[in-house]
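Any value given below was found using the heavy atoms of this structure, including those in side chains, with hydrogens, waters and symmetry copies removed.
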Amino acid sequence: MAQATEKTMDAIVSLCRRRGFIFQSSEIYGGINGFWDYGPMGAALKRNLKNAWWQDIVERELPGPDGKPVSVVGLESTIIMNPKVWEASGHIGGFNDPMVDCKDSKSRYRADHVLCLGLKGQTEGGQLYAFLEGDDDGLAKARKKLEKYTKRSLEDAELDTCAFMDLSAEERAITVGPDTKEVGTLTEPRMFNLMFETHCGAIRNDDAKAYLRPETAQGIFVNFHNVVDSSRVRVPFGIAQMGKSFRNEVTPRNFTFRSREFEQMELEFFIHPDEAQTWYDFWRNERYRWWKAIGLAGDNLILRDHDTAELAHYAKNGAGVCDVEYKFPFTDPGFGELEGVAHRSDYDLRQHAEHCGKGDKWRYLDQLTNERYFPHVIEPSAGADRGTLALICEAFTPDDSRPSKVYMNFEPRVAPIKAGIFPLVKKDGMPEIADKLYRELRRKHVVEFDEKQSIGKRYARMDEVGTPYCMTIDGDTASDQAVTIRERNTQSQERVALDKVADFLDEKIGS
RNA sequence: GCGGGUGUAGCUCAGUGGUAGAGCGUCACGUUGCCAACGUGAAUGUCGGGCGUUCGAAUCGCCUCACCCGCUCCA
């Protein structure tokens with residue numbers, strides 16, 4: 001058995017497998033890179049997370065910046081859409097990063113991160129030496145190579161740096177790659193399409209080509225007017241959607257953190273352009289608060305505002321972009337993104353208005369003010385799989401003093417099992433009383449009945465899947481009509497009357 | 001995609017050319033009196049996969065797949 005006394009990714013992955021949280025997809029055939037399955041516990045945990053998001057975003061009342069309830073409706077759009085959606089959104093074309101390969105060293109670089117060092121004023125002949133942006137060692141190496149080539153030491157003023165992206169074919173031919181000694185081994189910058197392709201219908205030609213969506217957001221934007229016309233919403237309001245998205249990542253990595261198939265929980269919140277800052281600030285703070293409330297309450301969660309330099313094309317000059325980030329064991333001491341909150345301006349609605357040919361007719365009409373405009377969008381976009389993984393990592397609590405050596409400290413709201421119902425021993429009528437209690441509690445909560453093996457072993461199992469409460473029917477229950485309730489984190493026990501157990505659970509778990 | 005590492009039972013691992021093992025876990029029966037108790041019995045292996053070398057491969061070689069670390073990238 002695993003002696004998981006340290007909070008390492010290996011220990012967490014091991015527990016996920018052992019207790020049925022997460023398995024590798026298609027494992028019996030050797031697995032498939034970037035795809036993961038959720039077992040019984042993982043499916044329950046992820047569903048609880050998604051339900052909490054849907055309830056808190058769409059269903060329950062949330063006071064907005066002005067104290068009035070925030071208005072949000074739900075949507076479920078398809079994974080495959082008309083390919084023109086992706087032309088309009090910029091995913092075909094601008095979405096991908098240009099990459100450059102080195103034929104000699106077989107390395108691949110982000111083309112826009114490659115810089116070239118050369119002699120100032122030199123227009124022909126000579127050689128250029130490539131290095132990676134921010135790589136001081138690489139720069140020093142490039143300079144050394146250039147000095148060796150010119151056979152003399154060079155002053156700073158003689159040097160010139162330019163971007164590889166800006167080079168002509170002739171200039172690329174005299175460029176030496178960062179990890180080679182030959183010239184001309186770098187390819188021209190090439191796009192790698194991260195969208196999965198498929199074909200609709202029986203004939204597989206270019207006309208039938210379609211894409212699996214790389215984000216759920218566009219399904220919301222193209223349905224903007226359908227929702228406005230059918231559901232009596234008024235700006236400001238939001239459309240929420242959760243669902244699978246697909247990206248053919250070059251390097252899936254870090255357990256479920258970067259997968260090729262993943263689930264998003266996205267809200268597109270439509271606002272008047274003048275109110276962008278107010279609503280951006282609201283959602284920025286609200287989303288951070290929400291992740292804390294769902295169980296990421298410790299120091300591992302941060303809210304990070306983006307620098308202007310890293311802003312996406314649609315977010316320049318906006319109210320801002322920030323990430324809710326979690327310190328995973330594999331990112332430590334850094335952080336990994338759980339959710340991005342971005343002011344996307346009116347970029348997407350305008351793009352679709354233009355591409356579908358409706359143009360200004362696609363503007364929103366405010367019937368109170370008679371103003372027509374393209375609403376701006378504040379987009380809180382969260383990863384459900386990343387969120388689930390963060391909940392698992394945060395909950396994983398080593399404790400050598402207990403038999404399981406570890407327990408999962410889930411918030412009761414997201415815990416896969418809310419309570420275990422155990423007869424202390426399998427005789428003297430205890431199983432019958434336990435079974436009756438189990439059936440009663442099961443009507444409202446996910447609870448588990450277990451009469452096998454010793455009581456300690458059953459507690460240990462519940463610790464490892466993060467069940468907050470265990471209710472034990474013992475020899476006194478028949479006479480005093482009360483059970484022992486064990487609390488997971490403290491392992492303390494209290495005596496609760498049988499007819500008060502349901503109330504106890506309702507209060508602790510919420511309904 | 002590049003470089004490095006790893007891959008044997010559910011888990012942790014032993015096994016370096018000669019009949020696939022241990023501990024824990026799991027299941028059944030008995031027992032039980034609050035934290036992985038005990039007894040008896042049982043099930044579970046493409047030794048990641050393929051090809052090769054060999055009389056014989058978990059073990060040696062080549063190819064491949066998956067995972068981990070670094071680069072890269074990202075919801």
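At the phosphate of B:C67, OP1 or OP2 sits under 4.0 Å from a side-chain N or O atom of A:N33. For the OP1/OP2 pair of B:U32 and a distance below 4.0 Å, the side-chain nitrogens and oxygens of A:K427 include at least one atom meeting the criterion. Dashed line: the shortest gap from a side-chain N or O of A:K457 to OP1 or OP2 of B:U26 is under 4.0 Å. In this structure, A:R258 does not reach the B:U72 phosphate: none of its side-chain N or O atoms is under 4.0 Å from OP1 or OP2. One finds no side-chain N or O of A:K452 lying less than 4.0 angstrom from the OP1 or OP2 phosphate oxygen of B:U26. Residue A:N254 places no side-chain N or O under 4.0 Å from the OP1 or OP2 atom of B:C74. Residue A:R247 places at least one side-chain N or O under 4.0 Å from the OP1 or OP2 atom of B:A75.
The same atom, C1', is picked in B:G48 and in B:C68; the two are 15 Å apart, to the nearest Å. Straight-line distance between the C1' atoms of B:A28 and B:A14: roughly 29 Å, to the nearest whole Å. Going from the P atom of B:C27 to that of B:U59 covers 34 Å, rounded to whole Å. If you take atom C1' in B:C13 and the same atom in B:G18, they sit 23 Å apart, rounded to whole Å. Nucleotides B:C55 and B:G41 have their C1' atoms positioned 40 Å apart, rounded to a whole Å. Taking atom P on both B:A58 and B:C71, the two are 38 Å apart, rounded to the nearest angstrom. Atom name C1', nucleotides B:C51 and B:U44: the rounded distance is 29 Å, in whole Å. On the C1' atoms, B:U8 is 8 Å away from B:G45, given to the nearest whole Å.
Across all strands, A:G39 comes closer than 4.0 Å to no nucleic acid atom at all (heavy-atom distances). In this structure, A:M242 reaches neither bases nor backbone, as no heavy-atom distance under 4.0 Å exists between it and the strands shown. Contacts of A:F422 with the nucleic acid, taken as non-hydrogen atoms under 4.0 Å apart, are absent. When heavy atoms are screened at a 4.0 angstrom cut-off, A:S245 is found touching no nucleic acid atom at all.
By the 6.0 Å contact criterion, NZ on A:K141 is open, its count of non-hydrogen atoms from other residues, nucleotides or ligands being 12 or less.
The base of B:C74 sits within donor-acceptor range of the side chain of A:R386, with an N or O pair under 3.5 Å. Applying the 3.5 Å distance criterion, the base of B:C34 shares a donor-acceptor pair with the side chain of A:Q493. Taking only distance into account, the side chain of A:R19 meets the base of B:A36 through a donor-acceptor pair shorter than 3.5 Å.
B:U46: no Watson-Crick or G-U partner with both key distances under 3.5 Å is found in any strand. The partner of B:G23 is B:C11, judged by Watson-Crick or G-U wobble contacts that both fall below 3.5 Å. B:C29 is paired with B:G39 under the Watson-Crick or G-U wobble criterion, all donor-acceptor distances under 3.5 Å. Under the Watson-Crick and G-U wobble criteria, each requiring two contacts below 3.5 Å, nucleotide B:U16 is left unpaired. Judged by Watson-Crick or G-U wobble contacts below 3.5 Å, the nucleotide B:C73 has no partner. Nucleotide B:C67 has B:G5 as its partner under the Watson-Crick or G-U criteria, with both atom distances under 3.5 Å. Pairing partner, B:C60: B:G52, with both Watson-Crick or wobble hydrogen-bond distances short of 3.5 Å.
In this structure, the CD atom of A:E339 is 13 Å from the P atom of B:A75, given to the nearest Å. The nearest whole Å value for the distance from the CZ atom in A:R486 to the P atom in B:G33 is 18 Å. Distance A:M430 CE to B:U32 C1': 9 Å, rounded to the nearest Å. At whole-Å resolution of the value, CZ in A:F335 and P in B:C73 are 21 Å apart. What separates CZ of A:F21 from C1' of B:C11 is a distance of 16 Å, to the nearest Å. Rounded to whole angstrom, the span from the CZ atom of A:F328 across to the P atom of B:C68 amounts to 14 Å. Atom CZ in A:R253 sits about 9 Å away from atom C1' in B:U72, given to the nearest Å. When the C1' atom of B:C35 is taken as reference, atom CG of A:D400 falls 15 Å away, rounded to whole Å.
When all heavy atoms of A:R402 and A:D399 are compared, the pair lying nearest together is NE-OD2, 2.9 Å.
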Would you mind writing out the side-chain donor-acceptor pairs for residues 35-45 of chain A within the sub-3.5 Å range, not counting sequence neighbours?
residue, atom, partner, partner atom, Å
A:W36, NE1, A:F255, O, 3.2
A:Y38, OH, A:D385, OD1, 2.7

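Not a single donor-acceptor pair under 3.5 Å links the side chain of A:Y326 to the backbone N or O of A:L296.
Side-chain atoms of A:D499 and A:Q481 form no donor-acceptor pair, as typed in the model, at a separation below 3.5 Å.
Using bins of under 30°, 30° to 60° and over 60° for the plane-to-plane angle, the ring pair A:F270/A:F221 lands in the perpendicular bin. Using a 30° and 60° split on the angle between ring planes, A:F328 and A:F330 fall in the parallel class, below 30°. Between A:F246 and A:F196, the two ring planes are perpendicular [angle over 60°; tilted spans 30° to 60°]. Ring orientation note: the planes of A:F21 and A:F410 are tilted relative to one another, at an angle of 30° to 60°.
With A:M462 as the fixed residue, the side-chain contact (heavy atoms from CB on, under 4.5 Å) test singles out one of A:K457, A:E448, A:R488: A:E448.
Stacking of A:Y459 onto the six-membered ring of B:A36 is not present when judged by under 5.5 angstrom between centres and under 30° between planes.
Nearest to the side chain of A:D428, among B:G33, B:A75, B:G1, sits B:G33. The nucleotide whose nearest atom lies closest to any side-chain atom of A:R495 is, among B:C34, B:U26, B:C11, B:C34. With B:C34, B:C67, B:A37 as the choices, the nucleotide that has an atom nearest any side-chain atom of A:S454 turns out to be B:A37. For A:R17, whose side chain is taken as the heavy atoms from C-beta onward, the closest listed nucleotide among B:C67, B:C11, B:C73 is B:C11. Nearest nucleotide to the side chain of A:Q264, out of B:C67, B:A75, B:U12: B:A75. Comparing B:C35, B:A36, B:A66 by their nearest atom to the side chain of A:Q491 picks out B:C35.
A salt bridge does not link A:K426 to A:D450: none of the charged side-chain nitrogens sits closer than 4.0 Å to a carboxylate oxygen.
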If you restrict it to nitrogen or oxygen atoms, what contacts under 3.5 Å exist between nucleotides 39-48 of chain B and the protein, and what is each distance?
residue, atom, partner, partner atom, Å
B:U46, O4, A:I28, O, 2.2

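Within residues 469-485 of chain A, the residues that place at least one heavy atom under 4.0 Å from RNA chain B are, in residue-number order, A:T472, A:D474, A:G475, A:T484.
Considering only residues two or more places apart in sequence or on other chains, A:R258 meets the salt bridge (charged side-chain N to carboxylate O under 4.0 Å, His left out) condition with A:E249. Partners of A:W54 by ring pair (Phe, Tyr, Trp, His ring centres under 6.0 Å), not counting sequence neighbours: none found.
For residues 461-502 of chain A, every residue pair satisfying the ring pair (Phe, Tyr, Trp, His ring centres under 6.0 Å) rule, not counting sequence neighbours, is listed here: A:Y469-A:F504.
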